[in-house]
Amino acid sequence: MLSVAQIIRSKNSGPFELTLDILFDDRATYDRVVRSNVLNRGTIKKLYRLRDEDIVVLMFFEPALAWKCTFVRPWAQGSVGERDTFGTQQHAPLLNIMVPE
Amino acid sequence: MWLMGDEGWPWVKRCDQRPRSKIGRLPKFLHRNSGEESGTQATSCLSRYSDIYKDRRRTSRLPSCPLSHSAMVRQFDEFSILTPNGMLGYGYPLAHFWHGVHHHKPSAIIVDSGSTDPGPYLIGTGLTLCSKSSYIRDLTPILEACSTYGIKLLVSSAGGDGTNAHVEEMVGFIREVSEEHGYSFKVATIYSQVDPAVVTKKFSAGAIHPCSSAPALTNFDIENSKLILAQMGAEPYLEILKDPSVDIIVSGRSYDPAPFGAYCIHRGVDPAPAWHMGKIMECGGLCALPKGNVMVATMRQDSFDLTPLNPIERCTPLSVAAHTLYEKTRPDRLPGPGGILHLDKATYEQLGDNRSVRVRGSVFVPSEMYQVKLEGVEMLGYRTVFIGGIRDPILIAGIDDFLDTVREKVQTAYPLVNSDKHTSLGFHIYGRNAVMGSLEPTPVATHEIGILGEVLAPTQEMASAIAGFARTACLHCSYEGQIATAGNFASPLTPLEQPAGEVYKFSIYHLMDIGSEAATSMFPTKITTLGVAESNGHTNGSKVFNGTSTHPELEVVDIGPIGYSSYLLAN
C-alpha cells in the first residue's frame, strides 16, 4: 500500500472515534485497490485487533479516490491513559498491506 | 453603476487611491478568476474593478433557503471570504494574508478558534488552546485589515473550547489591540454555555442521544460536568448579521463551519455550498497541496471557488474532494446543527489558473428535529508523570513481569491504586506499543525501551507521592536474572517526577433535541463597542482607506515560495 497510495493517515473523528484514510492519486490505482478487495473488514479487524462492532464505517469514496475506515476509540481521548491525543499515529499498520496486481 | 447593498463594499470607491503600479504588476495567475476572465492587465484600477463587478452582477434566483430571507430583497453579488488559518493562534504567513486582503478584497475574514482535539482539559482547566501573545499576534494584522477596509470579522469557539470566559477573554485581546492602534469596532458576542438544569430536563424527556460513538449519558455525567457547552449552528450568527453596523462577531462554542455557513447564507448563498465551503475553510489551507494556511473562497449562489494564497500551493479537484475525509466519521454525509450535507453529487472542477477549484453540487437536507451537540467534562483528579529508559536486554525481555512487580509493590503501599476510579498507575512502553496500545499488531520490544509512568490521584501531592514511590520501585526492584544491581531505570529529567496538573475526561458528547425555534434563543448575545468608539460613540470604524495604513504594500510578483518556516524566521 505504501508504494501505491498517495496519502495514508489517521486522525480523531471527535473524542470517541479514530479514522483511517487512504487516498490514491490516479483512477487506475484506485480501481486496482477496489478490485483487489484487500481493504475489507477482515483485514482491518486483524490488523487493528478490532471486533466487528468496533467498526463504524468502512467505505470507498470515489469522488476523492479514497478509502476510509472509522472505528471506536479504544481509550479515552485526552485523558488518563491517552496514547495519541490527536490520533495521528495510528496509520502505520496500513502501510504494509499487500495489494495484488 | 456600482450597486452597494447593506453589505456593500467600498472597494471601487477606494481602489482608485491605491498605487496603480501594484495592480499592473500582478502576475496573470493571481488575478481574481483569471481562469475565466481575460487576465489582461488593467489600464485603470477603477475601470478594472468596475468591469469585473459588472461581469459578475446578475439577477439572482430567489434563494431556496428559508434562512436566507435577508438576501431575498437584493441581487446576488459574488463575494469572497478569507481565512488566515484553520486555528486562530497558530500563526499564518503575513505576506499571503495581505496579498489576500489587497487582491481578493474579502467581505469577511472568518477564523475558527476551537477544537475538542486537544482534549477535555480546555473546558476543565479554563486554559486557552494558545497563549495570549499568540492570539494578539494573529489578531493584530486581521484587525488592521478590518479597520482599514471595513471587513467583517467572525471568530468562533473562542479560546479553543468556546466557554463564556474565553469569549470575554478574546474580546479583551481585541480591545487591547484596538486601543493600541486606535481602532474602533462594534463587537457582538454569542455565548454557548448551557444551564445544566436544562440538560437534566431534556435528558429526563429522552431528548439527549449519544453523538458518534459516545457512551449513553447519565445524570451523574450532567451533575459532575465542570460546565456544559452547546455547539451553535448558523442561526445565532444570522440574527447578529441582520445588524449591518456590527463589525466583529466573537462566539462561544460553534459547529466549526457555522460562522462560514452563516455569513454566506446571510449573503444569499444556498445552504449547501455555504456549508460545504465552511467545512473546508474552517481548516484553513489544509485542502491545498502542499497543505497551507491562508485561503480565499469566492462565493456564488450555487457554487464556490477555493484559492490558496501561497503561490506555491494549489487546490486540485482531488485535494478538495479529499478534505471531507479529514477527521470525519464518513466523507459523504456531514451532519451539523439543522441538517446533513450530502456530498455524493458534489463536483470539483479545476479552474484555468490551475490552482483554484470550483465546487458545486452538494445537497443540504434539513433535519426533522434541530439538534445541537453538547460537550462536557468530568474532573478525574491530578496527574504526576515520570519517564525513564531501559537498555538492559535481560530486563527488557522480562519487562511485563517486572512492571507487575512494581505495580504490586505500589498497590501494597497505596491500596487505592487501580482499585478506585480516581487513583491509578499506568505504564506506556515506548519502543513496544506505547503509541497504539491494544491496536498494535506487532507489540515487540526493541533493544531500548522508554517507560512513561502515569499516576492519577485525588490531589497533586498524593499523585506525586505515588509517582515517587513507583519511580523508585522502577529503579530498584529486582527481577529474575538480574546482573545489573545498581539500578534499572535511566531518568532523563530532574526533578524525577513531574506534576502535570488536573486531568479530565469527556463525559458529555451528546446531541440534544432543541427544535429550530431554540436554535437562536438558547445562545445569548451581547453588543459592545471597543476602542475610540467607547468614549466618542461608535463610528463604525475608520473604514475609509486613506492610504495611511502602516502596512507596506506587497510586491506581489516577488512573493516567491515563502514557506512557513521562513515566515516564522522573518516574523
Verify the neighbour count for atom NZ of B:Lys291: are there more than 12 heavy atoms of other residues, nucleotides or ligands below 6.0 Å?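 For B:Lys291, atom NZ is not crowded (no more than 12 foreign heavy atoms under 6.0 Å).
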Within a radius of less than 6.0 Å around NZ of B:Lys421, do more than 12 heavy atoms belonging to other residues, nucleotides or ligands occur?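 Counting neighbours around NZ of B:Lys421, more than 12 heavy atoms of other residues, nucleotides or ligands fall under 6.0 Å, so yes.
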Taking side chain as everything from C-beta outward and backbone as N, CA, C, O, which of these in [X] sits under 4.5 Å from a heavy atom of chain B? Side chain, backbone, both or neither.
{"X": "A:Leu65", "value": "both"}
{"X": "A:Glu82", "value": "backbone"}
{"X": "A:Asp21", "value": "side chain"}
{"X": "A:Ile7", "value": "neither"}
{"X": "A:Phe71", "value": "side chain"}
{"X": "A:Gln89", "value": "both"}
{"X": "A:Val56", "value": "side chain"}

Pairs of heavy atoms under 4.5 Å with chain A: top-ranked of [options]:
{"options": "B:Pro120, B:Ser115, B:Gly426", "answer": "B:Pro120"}
{"options": "B:Glu440, B:Lys505, B:Met436", "answer": "B:Met436"}
{"options": "B:Thr347, B:Val503, B:Leu456, B:Leu325", "answer": "B:Leu325"}
{"options": "B:Pro210, B:Ser212, B:Pro317, B:Cys211", "answer": "B:Ser212"}
{"options": "B:Thr329, B:Leu380, B:Leu318", "answer": "B:Thr329"}
{"options": "B:Tyr326, B:Phe427, B:Tyr504", "answer": "B:Tyr326"}

Taking atom OG of A:Ser79 and atom CD of B:Glu378, what is their separation to the nearest 0.5 Å?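 Going from OG on A:Ser79 over to CD on B:Glu378, the span is 9.0 Å.
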Side-chain contact test, heavy atoms from C-beta onward, threshold under 4.5 Å: evaluate it for [X] versus [Y] and give yes or no.
{"X": "A:Ser13", "Y": "B:Arg330", "value": "no"}
{"X": "B:Pro215", "Y": "A:Phe16", "value": "yes"}
{"X": "B:Pro118", "Y": "A:Thr85", "value": "no"}
{"X": "A:Phe61", "Y": "B:Thr324", "value": "yes"}
{"X": "B:Lys328", "Y": "A:Thr70", "value": "no"}
{"X": "B:Leu343", "Y": "A:Pro63", "value": "no"}
{"X": "B:Ser213", "Y": "A:Arg73", "value": "no"}

Look only at the side chain of [X] and the backbone of [Y], and say whether a donor-acceptor pair between them is shorter than 3.5 Å.
{"X": "A:Arg49", "Y": "B:Leu439", "answer": "no"}
{"X": "A:Gln77", "Y": "B:Asp117", "answer": "yes"}
{"X": "A:Glu62", "Y": "B:Asp344", "answer": "no"}

So, for B:Pro331 and A:Met59, which heavy atoms are closest and what is the spacing to 0.1 Å?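 Closest approach of B:Pro331 to A:Met59, heavy atoms only: CD-SD, 3.7 Å.
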B:Thr316, part contacting chain A, at a heavy-atom distance under 4.5 Å: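 Neither part.
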Leading residue by heavy atom contact count with chain B [cutoff under 4.5 Å; candidates [options]]:
{"options": "A:Thr19, A:Leu50, A:Val80, A:Val72", "result": "A:Val80"}
{"options": "A:Ala66, A:Gly14, A:Pro93", "result": "A:Pro93"}
{"options": "A:Gly87, A:Pro15, A:Pro74", "result": "A:Pro15"}

